[in-house]
Every structure is written in C-alpha cells, then in structure tokens.
Amino acid sequence: MAELPNTDGPKKKSTGADLIIPVAAIAFTLYYFSTIWNSPWSAQVSAFFVGGVLMVLCAIYFVIFAMQRKNGEADFSLGKVINPVSVIPKRILLFVLTLAYIFVIDWFGFIITTFTFLSLGMLLLSEGKNKKLILSLSATLAIGGYLLFVVAFQRRFPDGPIEKWLKPFWYSTGIWQ
Amino acid sequence: MEVDFSVYGPAFLNTFQYWYVILPAVILGYVVGAIPGFSAANTIIVLLPATLAMGPEIGMIFMVALYASSRMGAGIPAILVNIPGTAGAAATPLDGYPMSQQGKGPQALAISFTSSCIGGLLTSIVVLFVIQYVVMAVYVLHSVEMIVVMLFGISLIGTIAAKEKLKGLIAGFFGLMIGAIGADHVYATPRGTFGFLELYDKIPLIPALVGLFAISEAFILIERGSIMTKEGQQVMRDAKWSEVFEGVRTTFKRIWHVLWTSIIGLVIGVVPGAGAAIAAFVAYQQSQTYSKTPELYGTGHIEGLIAPESANNGVTAGTLVPLLVIGIPGGATAAIMLVVLTYHGVTVGPDLFIDKPNFAYGAFAAMAVTYIIMIFTIFPLARYMSRVTMVPTMYIIPLIISFTLVGSFVPRAYLFDMYLAIAFGVIGYIARKTGYHVAAILIGVILGPLLEQYFVRALKISQGDIMVIFSSNLGNALWVGLLISLLIPIWKEWQKKRSAQKTALEKGEEAERGGTTE
C-alpha cells in the first residue's frame, strides 16, 4: 500500500501535522479566556499570563512555519500523524473498539467487557490467528485482573452481572468485610 | 533546621522490611524495561488500581523499585538487538550491540547490570546524605520565587527533553493551560470546563496521565508487529556461566569509571527534564574524551558500555530530588509518582522531610535497597531474563488500553474519566507523532493549579501589584537564569546554522574555483 508523503525527509522539515497542537492550544486558550472575561482578577491572572506566553510561542512557531513554507521546507500534509497507512484500518477499528468498551462497561461490568475487548483487540491485531491462545489469555487476564484489583485490593471497578452475582460470595467467605 | 543523621538507620531498616514488595517490583521492572514501549511509567499506570490501594509508603517503595529495575532491564534489548527498551538506554547499543555481535552478549549484559547496580546504589546513598542540605536551601523560596521555579522547571523540561525547543515550550505551556481548567479557588467560577460538571474540581490527573502516556503509546505500538529479532534470542540460548562471571569481574576492574560516570548521571538527573537519555550520552561523550583509547569507542569497548549504563541509573536517584523537595517532577515516571502521592494526600516539598522523614528519606533508602537486591539477580538475569523480550505487541496493546482505562475510572468512579483519558490519548498521540513532548504536557497539567496558587498568593501579599514577581533578589536572579536558559539554546542553534551555511558557501566557492581551473 502506498504511504502518504513522509515528513521526516531531509528537505521537508515541518508539516501541517505539526500545526495541530499549536492550533488546538490557541483555540483552547481563546475559549478559556472567553470563560474568564468577566471573572474577578484572582480567576484571571495566572491564565492570562500563561495563555499570553503560550500564544506568543505559537505565533513564533507559525512565523517559522510560514518562512519554511516559503523556502519549500514545509508543507501542509498530515502524513506524520497518519503514517504508516497500512495500519490505519487496525488503528481506527481499535479506537472504535475502545470507545465501545467504555460505552458498554457500565452495563456488562469489568469481567465480560474486558474479556470481549481483549479477545477482539488481540484477534484484530493478529489478523485472526491464534484464536485459542487469545481466548484463553483474554479470559485469564480478565479474571486475573478482577481477582487482583477488585477482590484483593478492593478497588471500585464497573459492576456487571458476574460481579453482582459474585459479591455475596466474597462477603460470605469473609474476604470482604 | 539541623541535619539529623539518625533518620538514615530507621529509614534503611524500615525499607528492608518491605523486601516482599521490592522483589516482585524488581522482577516486573526487568520485564517491562526489556520490552520497548512498555516502560516503568506505563506499568505504574497499568497497576494504578493496585498502587493506589497500597498506601503511600508501600506504593512509593513499589514505584521506586519498579523504576530503578526497569532502567536496568532496558539495557537487555539495547545490547542484544540494538533496540533500547527506553530512551534512557539509547546510548547503550553504541558499544553493547557490537559486543553482542562479537558473541560477547552474556558478558555485555553482565557488564551492563553490574555498572547499573553499582552506579544506582552509589548515587542513592550520595543523595541520601546530601538531600538535607538541599532541603534547607529550598526554605528560602517563597511564592514569588516558586512562580519562577515552576516556570524554570517547565521551560527546562520543554527545552531539554524535546528535540525541538519551541515545540517543547508549547507543549509545557499548553499543559499549564489545561491544568488551569476548573473552578477558581476564591469565587468558584468555572473556567474552561466545556460545561462538564466533572471538570469543576480541576482536571483529574490519573485520566490525564493514562491518556497522554498509555493510550497514546498503545496506538503507536500498533506500527510494530513484533519487537525482537531471532538473532538476540539465539545469543542468550548459547550463554555460559563463565562469560557472565567474566563480565562482572571486568566491571569491578573499572570501578572508578563506574563511579564518576554515575555521578554525571546524578547531577543531570536533578535537572528537570534532562533525563536518562541525555545523561547517558553526556557520560558516554565524557568517557570517550578522557579515555586513553577513544578510537575503540563504538566497536564494542567495555568502557563505552559502562558509561551510559552507570549514568542512566545515576539519574534515577537524581529525578526524585526535585520531585520530593520542591514538587517538580523531573520526568515522566516522577510525574506519575507525584500523581499517586497526590491521590494519597502526601504533600511533597521541604516540609515532607520534617513531617514524614521516614517517608521522604525512605524513598531514597528504598532505591538503595532495591539496587542491593538487584545485585543478587545479576547472574540469573544475565542468562535467563532477556527472554521476556519476545512478547509480541498484539497481546500487549489491548492489555494496556483496557487495564489503564479502568485504572482511570478507579479514583472517582466516573465513566466520564475514561472518556477523558481517551481525549488525552488523542492529544498524546498527535503530540508524540509530531514531536511535542507528552511529559512536558503532563507536568504542565500538574503544575498548572500550583502556579495559579502561588500567583494568587503573591498578588494578595502585594495587594494586586503584578510587579511583585520582580520584587525579590533571589527571584530576579532566577528570572535572569530562566532567560539565559531559554536564550542559550536559541543562540547555539543560530550559531550552528550560521557555521553550516558558511561551510556550505566555502565548499561552493571551492567547487567553483576547481571548475574554473579545469
């Protein structure tokens, strides 16, 4: 698969991808300023100082970028963030899977959701190979994580049907007080 | 405050009691250090639910032991297959890998482990004895000076740690701005919260660090199918005990070299942002400069391996100094330690050494004890432990994502915090891909609220006069230092560019003259 133009070459120093963080920083700073415009000075002083410095730094970066662009040393490509193109589908699918993991964990709880996420994630990255190993590894990690973090260290993880079903058991054994 | 040497004994004895925490952390540290991309920082994040449940003292001992041992583990892939486990081991392959190619892999590992242990142990003990004087010096810092110290810290992290200084500074100040999200201290006015009630109590640090480090790293790791080649594994299979003994003996013969290069690491480690990578390269360069055989460096020279390994372990004790004394983390792992300590309600700063001496000195004692325990693991480690580098990334990535996301849920039990971790993951991913330092962003997020606190305090004292930030002599000296530290790299870069242009021009003229003669 063809790769997008790589930005790390000797001539092209900066790219459009390098502008994402400064542009986001300026947008956020302006939004932040809008939320404190009518606030008392104690709520403004530090933000105006830090935000002011940040905007100056970003402005310097934009000037340098413009000069590099003029000399043919910079372009607006997003290759740095996207490359290598060959892993884009895996990256997008894993991102969607991650969002789904958070979305459903509140209903299905840690064990079921983690097992499903680990299995699907590993199957996706291994391109469907080693199914048995992946399923057993996912089950071990999900149950092991539950036993270590929830049962042993008594941390608050999202509860699902299995966790709710097991709760009385841990109390009855005296492991949980 | 008087220097009280009686605290050291109890601190050491107390730490030895926790050998059952240190030993598993050490083994875990070797494993994660040896797997590129799975650093100590990420492991502490994955194990956050456990670390948060441990209590501050045991949690700190666990993190320190993991940190120190992962530093040593990072040398394994660097020596065997030319892939440093962490950035701190970036100078290790220069002479370690050629040794491995010459069939001296086990010997090189033994040299690396021995110099790491001695270097780390020595610097932890040095810090333990010097830190009281550093603490006394910090007492002269008030709110005005602390503003400059914080800006100094973030600027140093930005300019030293990042490849491009301007990007490093933008990352640091962007982090400070994000850290200012939340209701203000006096009137509770919501600022920059995007309307989310969950952000009124400022940005929760654990989702921020989970996103910036773990989630972003996981999405970058996808690019690497597998970490290790077969050649490195073969070297370890053929290892003999005699080669390991030879490596240890060789290092002890050069003990003076181990000592002074580890002190270089310690001094650089105290500077926020400088980190193990810089320390290792500086030590390597110094070692070569003062060597009688500088031409052998890069060909599998023993001293070329000792220098970076001693130095990057010297950094570990140094990094804890600014963290515990003034609350400015010197690097990513220290920043994560600060998040965990904050969660436990531990206030870092000079008072920590008076109010909780066992805890404060105990952190350095724990490091020393960790290195003592690590000495006993050198022999088996040099033969067997390096096999962990064979773990494929397809199993690691989903594990990092799921366990760290759940870790971000733990402190407040808000699903919102998991989404927040994803948002920081996106920022972290873009930042890593485009050369903006994620540690600088995180440290900015941590220091943001503190900076505001000192600003408001200073302005209250001066009744709103902004010029108060230039009212103290020490503060002004720090401002000048800050300005110089920012200008020197720019001046050096400009000079370098100018000399490169001059050389190119001279070459062009010479070529032109040559052409005319012909």
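The chains referred to below are lettered A, B, ... by the order of the sequence lines, with proteins before strands, and numbering in each begins at 1. Keep in mind it's a predicted model, so treat the numbers as computed, not measured.
- Residue with the most contacts toward chain B among A:S46, A:A24, A:S34: A:S46 (heavy-atom pairs, distance under 4.5 Å).
- Atom CG of A:D18 is separated from atom OG1 of B:T434 by 5.5 Å, given to the nearest 0.5 angstrom.
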**OP:** Apply side-chain contact (heavy atoms from CB on, under 4.5 Å) to the pair B:V210 and B:F409, showing each step before the final yes or no.
**Re:** CA-CA 10 Å; B:V210 162; B:F409 171 87; over 6 Å; no

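- With a 4.5 Å cut-off on non-hydrogen atoms, B:L405 touches chain A through its side chain but not through its backbone.
- Listed for the B:R191 side chain is a donor-acceptor partner under 3.5 Å among the backbone atoms of B:G182.
- Proximity to chain A (any heavy atom under 4.5 Å) is shown, for B:I181, by both the backbone and the side chain.
- Annotation: side-chain contact (heavy atoms from CB on, under 4.5 Å) contacts of A:V56 (sequence neighbours excluded): A:I60.
- How far CG of A:L124 is from CE of B:M394: 11.5 Å, rounded to the nearest 0.5 Å.
- Between A:W37 and A:F48, the ring planes lie perpendicular to each other; the angle is over 60°, past the 30° to 60° tilted range.
- Side-chain atoms of B:E223 never come within 3.5 Å of backbone atoms of A:V87 as a donor-acceptor pair (strictly under, hydrogens ignored).
- Expressed to the nearest 0.5 Å, how far OH of A:Y146 lies from CG of A:L166 amounts to 4.5 Å.
- Contacts of A:L123 with chain B are absent, with no heavy-atom separation under 4.5 Å from either backbone or side chain.
- Looking only at heavy-atom pairs under 4.5 Å with chain B, the residue among A:G51, A:A47, A:P158, A:A17 that has the most is A:P158.
- For residues 90-103 of chain A, a heavy-atom distance under 4.5 Å to chain B picks out A:K90, A:R91, A:L94, A:F95, A:T98, A:L99, A:Y101, A:I102, A:F103, given by residue number.
- Checked against salt bridge (Lys or Arg N to Asp or Glu O under 4.0 Å), A:D159 has the following partners two or more places apart in sequence or in another chain: A:K167.
- Put simply, of B:F219, B:F455, B:Y454, the one with the most heavy-atom pairs under 4.5 Å next to chain A is B:F219.
- Between A:F65 and A:F76, the ring planes are tilted. Angles from 30° to 60° get that label.
- Only the side chain of A:T114 comes within less than 4.5 Å of a heavy atom in chain B; its backbone stays farther off.
- Annotation: the span from B:I446 atom CD1 to B:M150 atom CE amounts to 10.5 Å, rounded to 0.5 Å.
- Note: B:F174 CZ to A:I26 CD1 = 10.5 Å, rounded to the nearest 0.5 Å.
- Using a 4.5 Å cut-off between heavy atoms, B:I147 makes no contact with chain A at all.
- For the atom pair B:L151 CG and B:L451 CG, the distance stands at 5.5 Å (nearest 0.5 Å).
- With a 4.5 angstrom heavy-atom cutoff, A:Y31 touches chain B only via side-chain atoms.
- Only the side chain of A:V45 comes within contact range of chain B, with heavy atoms under 4.5 Å apart.
- Here A:V53 is the residue among A:L120, A:I20, A:V53, A:I36 with the most heavy-atom pairs under 4.5 Å with chain B.
- Ranked by heavy-atom pairs under 4.5 Å with chain A, the list B:I178, B:V406, B:V456 is led by B:V406.
- Heavy atoms closer than 4.5 Å to chain A are found in the side chain of B:I422, but not in its backbone.
- Applying the salt bridge (Lys or Arg N to Asp or Glu O under 4.0 Å) rule to pairs touching residues 407-432 of chain B yields B:E217-B:R432, B:R412-B:D417, sequence neighbours excluded.
- Looking at A:L141, both its backbone and its side chain come within 4.5 Å of chain B, counting heavy atoms on both sides.
- Counting heavy-atom pairs under 4.5 Å between each of B:L176, B:V410, B:T189 and chain A puts B:V410 at the top.
- For B:S402, the parts lying under 4.5 angstrom from a heavy atom of chain A are both the backbone and the side chain.
- We find that B:R457 and B:E452 are not joined by a salt bridge, their nearest charged nitrogen and carboxylate oxygen being 4.0 Å or further apart.
- Contact annotation for B:Y429: only side-chain heavy atoms (C-beta onward) come within less than 4.5 Å of a heavy atom of chain A.
- Of the two parts of A:I64, only the side chain, counted from C-beta on, holds a non-hydrogen atom closer than 4.5 Å to a non-hydrogen atom of chain B.
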